[in-house]
Protein chains: 2
Amino acid sequence: MIDGTPLPLVGPQSALRADAVRNRALLLEAAAELASERGAAAITMETVAAAAGVGKGTVSRRFGDRNGLLQALLDRSEVLFQEAFLSGPPPLGPGADAAARLRAFGPALLRHEHAHRDLYLAAEPTPERRFSVPARQLRHRHVALLVRAVLPGADAELLAHTLLASVDVVLVDHFLRPGASLERLEKGWHDLLDRLLH
Amino acid sequence: MIDGTPLPLVGPQSALRADAVRNRALLLEAAAELASERGAAAITMETVAAAAGVGKGTVSRRFGDRNGLLQALLDRSEVLFQEAFLSGPPPLGPGADAAARLRAFGPALLRHEHAHRDLYLAAEPTPERRFSVPARQLRHRHVALLVRAVLPGADAELLAHTLLASVDVVLVDHFLRPGASLERLEKGWHDLLDRLLH
DNA sequence: AAGATAAACGGGCCGCGTCCCGTTTAGGGT
DNA sequence: ACCCTAAACGGGACGCGGCCCGTTTATCTT
């Protein structure tokens, strides 16, 4: 397992050496600057290594591959979103009933991903790893939990995947290209839930 | 546009030269043999070119990229599936009402993709092209048509994407790994439709 | 039949991602 | 304070995909 990529909301697990911690920060900073100046496509293992003043091998060892680096880059804003639906104010966070939280989740995810769409699109994992990304797993568990509360008879795991897929970044981006609006997608989410909940 | 990859159910559009047609067939045959003998992962631009006795440039020009080659490989079985839901016997084909056709579509797609899962997983397009694959567009139009007939008030395009996503190869494969069954996924499709149609 | 033209061909080139291994260094134990 | 070991480091090597361009060849025209 690649270290230095702590799962969100889980403590450090392997005690990175001090210089490794430093280099990790340097690399993420360099990558963020590259992304904001020349777009996410400009992030390559070599350029980010050079910009941070370290060797390519260091990037590889720390983040595994290019995708791991991009995932780590996303982690900061992802954690903010996670806090919003795990412990933030209702209706997204606890305090509202499951149906209301579920209703609020779609639009919130939609807007969050859309705000960072460049990075999310660039960081789209390969098919075989798509469901292993910690952030995705957390989203899925959360939605499945809400679905279970709202539709006890349903296959919550499967339905959660379906719901999440309906607001996937890639799909959203595809819809927004021609001129569709975020509002249409939000309405789609609400309609879908309304039909599912009678 | 890459020629030699006619859209399903649309006639040829650019009159390939005779030698090009021959090489295209040679390449596809070589790729199919490679896939069956050493797995889809063994298909690289170079090995397939060598196996067919042509240069790498030829593969590149004909199929655009590795993914285009894999899509072309899938086309043969894909066309069979298309015929099944476009003009085959009910309940999948015309002759049954839209609700019954929609019910039948999920399991049919599920089983079709599962039967060719190795190739479908290998041929998974990059995010930006995911919705441009002709076969996917055809599936989507078909499902959207049925949804429009069954739920006139809904956003048929969006809902069709959601339905298709719920039986996506990558998701299905993810579910089947631990030991889930195709039956569970089929039940999920039927439950989803039942809830949507009251 | 012979020339013209557009298309196809081949294979070399470049860039990127990944792997590897000999070297260096941080950090804890004595 | 010194050493010992495990971890991190650098950067070169390799393989694959995508691209390009000088050469060959099929097909159409007259």
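Just so we're on the same page: letters track the sequence lines, and every chain starts at 1. Hydrogens, waters and symmetry mates play no part in the numbers below; they use all other heavy atoms, side chains included.
- Between atom CZ of residue B/R62 and atom CZ of residue B/R24 there is a gap of 8.0 Å, rounded to the nearest 0.5 Å.
- Note on B/R17: every side-chain N or O is 4.0 Å or more away from OP1 and OP2 of D/dT25.
- Contact annotation: B/R61 side-chain N/O to C/dC9 OP1/OP2 distance is under 4.0 Å.
- Once rounded to the nearest 0.5 Å, the distance linking CD of B/Q71 with CZ of B/R136 reads 8.0 Å.
- The interatomic distance linking B/L69 (CG) with D/dG17 (C1') rounds to 12 Å, in whole Å.
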What nitrogen or oxygen pairs link the protein and nucleotides 14-18 of chain C at under 3.5 Å?
unit_1	atom_1	unit_2	atom_2	d
C/dG17	OP1	A/R66	NE	3.4
C/dG17	OP2	A/M45	N	2.9
C/dT18	OP2	A/R66	N	3.1
C/dT18	O4	A/K56	NZ	2.8

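- Note: CG (B/L70) to C1' (D/dG18) measures 15 Å, nearest angstrom.
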side-chain contact (heavy atoms from CB on, under 4.5 Å) evaluation trace for A/F63 with A/L28: CA-CA 10 Å; A/F63 298 103; A/L28 285 179; 4.0 Å; yes

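- Residue B/G57 is the one, among B/R22 and B/G57, whose nearest nucleotide of DNA chain D lies closer to the 5' end (criterion: closest heavy atom).
- Following rounding to the nearest Å, A/D19 (CG) and D/dG10 (C1') show an atom-to-atom distance of 13 Å.
- Interatomic distance, CG of B/L185 versus CZ of B/F175, reported as 6.5 Å (0.5 Å rounding).
- Distance A/L16 CG to C/dG27 C1': 14 Å, rounded to the nearest Å.
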Less than 3.5 Å apart, which donor and acceptor atoms pair up between the side chains of residues 191-198 of chain B and the rest of the protein, not counting sequence neighbours?
unit_1	atom_1	unit_2	atom_2	d
B/D191	OD2	B/K187	NZ	3.3
B/D194	OD1	B/R103	NH1	2.9

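- Residue A/R62 has a polar side-chain atom (N or O) positioned under 4.0 Å from OP1 or OP2 of D/dC9.
- Scored by the side-chain hydrogen bond (donor to acceptor under 3.5 Å, both in side chains) test, A/E186 finds A/R111 as partners (sequence neighbours excluded).
- In this structure, A/N23 does not reach the D/dA8 phosphate: none of its side-chain N or O atoms is under 4.0 Å from OP1 or OP2.
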